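No experiment lies behind these values; they were computed from the predicted model shown. Residue numbers start from 1 in every chain, and the chains themselves are labelled A, B, ... in the order their sequence lines are given, proteins ahead of strands. All values below were derived from every heavy atom in this structure, side-chain atoms included, with hydrogens, water molecules and symmetry-related copies excluded.
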Number of protein chains: 2
Amino acid sequence: MAGPAESSDWRERLRARGYRLTPQREMVLRAVEELGHATPDEVLGKVREQSAAVNISTVYRTLEVLEELGLVRHAHLSDRAPTYHSISDHEHFHLVCRNCQKVVSVDPDVLKPLTDRLEADGFVADVGHLTVFGHCTTCTPTEESS
Amino acid sequence: MAGPAESSDWRERLRARGYRLTPQREMVLRAVEELGHATPDEVLGKVREQSAAVNISTVYRTLEVLEELGLVRHAHLSDRAPTYHSISDHEHFHLVCRNCQKVVSVDPDVLKPLTDRLEADGFVADVGHLTVFGHCTTCTPTEESS
DNA sequence: ATCCCTGCAAAGCCTTTGCAAACCT
DNA sequence: AGGTTTGCAAAGGCTTTGCAGGGAT
């Protein structure tokens, strides 16, 4: 889904805002795209497959830049570290089951009734950041969730 | 809203589950009720107005117990520490504006279309834990949100 | 030649944990 | 008396920051 057109796109956008194009920034973006929903630490692991010298602080700083550019987003899917995902995936929000820990990505259409109502009351929701916790009606609990 | 009936109620529930009634637990619960939405650290501050010896680790452990008993709930209203609020407030979810940082508590009714739809698909949402980030259509940004 | 970006190391928040003393029942 | 709870102190995740060297433009 991310072809050469999009690639040059974000590199230009990077420069347009005065940022420089570095190997680290390319690697972090690619790692996020390949991993799906990944924590900064997991991103670092993926990046280090290509270059062992990259530092965790660079990953944090880069993820911040990429999010500012609208290339990635983060969501809080657990009580631990946040996860980052590429925006080239369609925008979506998340369902997280506290029993089986499963994460489901849901189309924003489902939220329309809610967002319409909130907008009528003067609030524009950030759908891409939304996470709904709860539990599946049928699921197998994992070990952690005694 | 929290009369003597409710008070004895939770004390009994505490004992019924094998927990002991301690001054710390009473003070922490009262602090949460009085503060509205408060971080563990803020709860500690309030508790220490009555007893300077109480420790932060006790606050954490107590909030966990109180939440297990269904007396308080927590929500993530910022990128920092979570906030706890009493359940004797009606159940609600939160709207947080990223411009003015205002927090609005909203009646769960507004979510009905969403939760119905999710339940039809086999997912029961934890409404009381939900926080929707976004921005007011009319609001004055605060200093922090450059 | 700039001055942005990175790696490194240290510090910072927030939270959890081990342990002995104190306390509730 | 007996097991629970607390305070204290230390450790543990995760994230941020200061700084000097290295690198993109």
| said: Within the 3.5 Å criterion, strictly below it, is a donor on Asp41(B) or Thr39(B) matched to an acceptor on the partner's side chain? | reply: no
| Lys/Arg N to Asp/Glu carboxylate O, Arg30(A) vs Glu33(A), below 4.0 Å | no
| said: ring pair (Phe, Tyr, Trp, His ring centres under 6.0 Å), that's the test. Do His85(B) and His74(B) meet it? Break it down for me. | reply: CA-CA 6 Å; His85(B) 59 274; His74(B) 79 275; 8.8 Å; no
| message | Just to be sure I understand the rule, does Ser57(B) reach a base, reach only the sugar-phosphate, or reach nothing, if contact means heavy atoms closer than 4.0 Å? | response | base
| query | Rounding to a whole Å, what distance do you find between Glu64(B):CD and dT5(D):P? | reply | 12 Å
| query | Nearest to the side chain of Val54(B), which nucleotide is it out of dC5(C), dG7(D), dT5(D)? | reply | dG7(D)
| said: If I take atom CG in residue Leu44(B) and atom C1' in nucleotide dT15(C), what distance separates them, rounded to the nearest angstrom? | reply: 13 Å
| Between P of dA24(D) and CD of Glu26(A), the distance in whole Å | 10 Å
| field | Name of the residue among Thr115(A), Asp109(A), Asp107(A) meeting side chain to side chain contact (heavy atoms under 4.5 Å, CB included) with Leu111(A) | value | Thr115(A)
| With nearest nucleotides of DNA chain C determined for Arg80(B) and Asn55(B) from heavy-atom distances, which residue corresponds to the more 5′ nucleotide? | Arg80(B)
| Any idea which of dG7(D), dT25(C), dC14(D) is nearest the Leu21(B) side chain? | dT25(C)
| note | Here the distance between atom P of dG2(D) and atom OH of Tyr19(B), to the nearest Å, is 24 Å
| Between the side-chain atoms of Arg20(A) and the base atoms of dC4(C), is any donor-acceptor pair under 3.5 Å? | yes
| task | Determine, using ring centers only, whether His90(B) and His92(B) are less than 6.0 Å apart. | result | no
| message | Assuming nearest nucleotide by heavy-atom distance, tell me which of Pro23(A) and Pro82(B) is located more 5' along DNA chain C. | response | Pro23(A)
| said: Tell me the interatomic distance from Asp79(A), atom CG, to dT15(C), atom C1', rounded to whole angstroms. | reply: 11 Å
| Among dC5(C), dG7(C), dT15(D), the nucleotide that comes nearest once only the side chain of Tyr60(A) is considered | dT15(D)
| With sugar-phosphate meaning primed atoms plus P, OP1 and OP2, does Arg61(A) contact a base, only sugar-phosphate, or nothing at under 4.0 Å between heavy atoms? | base
| Which of these nucleotides, dC14(C), dT6(D), dC5(C), is closest to any side-chain atom of Thr62(B)? | dT6(D)
| message | Let's test your reading of the model: under 3.5 Å, does the base of dC24(C) pair with the side chain of Arg15(B) as donor and acceptor? | response | no
| query | Counting just side-chain N and O atoms, does Thr22(A) come under 4.0 Å of either OP1 or OP2 of dT6(C)? | reply | yes
| request: Provide, to the nearest angstrom, the distance between the CG atom belonging to Asp41(B) and the P atom belonging to dC13(C). | output: 11 Å
| task | Would you classify Ile56(A) as touching base, sugar-phosphate or nothing, given that sugar-phosphate means primed atoms plus P, OP1 and OP2, and contacts are heavy atoms under 4.0 Å? | result | nothing
| message | Just the rounded figure in Å: distance from C1' of dC14(D) to NE2 of His76(B). | response | 15 Å
| said: Less than 3.5 Å apart, any donor N or O on the side chain of Tyr84(A) or Glu42(A) sitting next to an acceptor on the other? | reply: no
| message | In whole Å, I'd like the distance from the CZ atom of Arg17(A) to the P atom of dC5(C). | response | 13 Å
| dC23(C) phosphate, OP1 or OP2, under 4.0 Å from Gln24(B) side-chain N/O | no
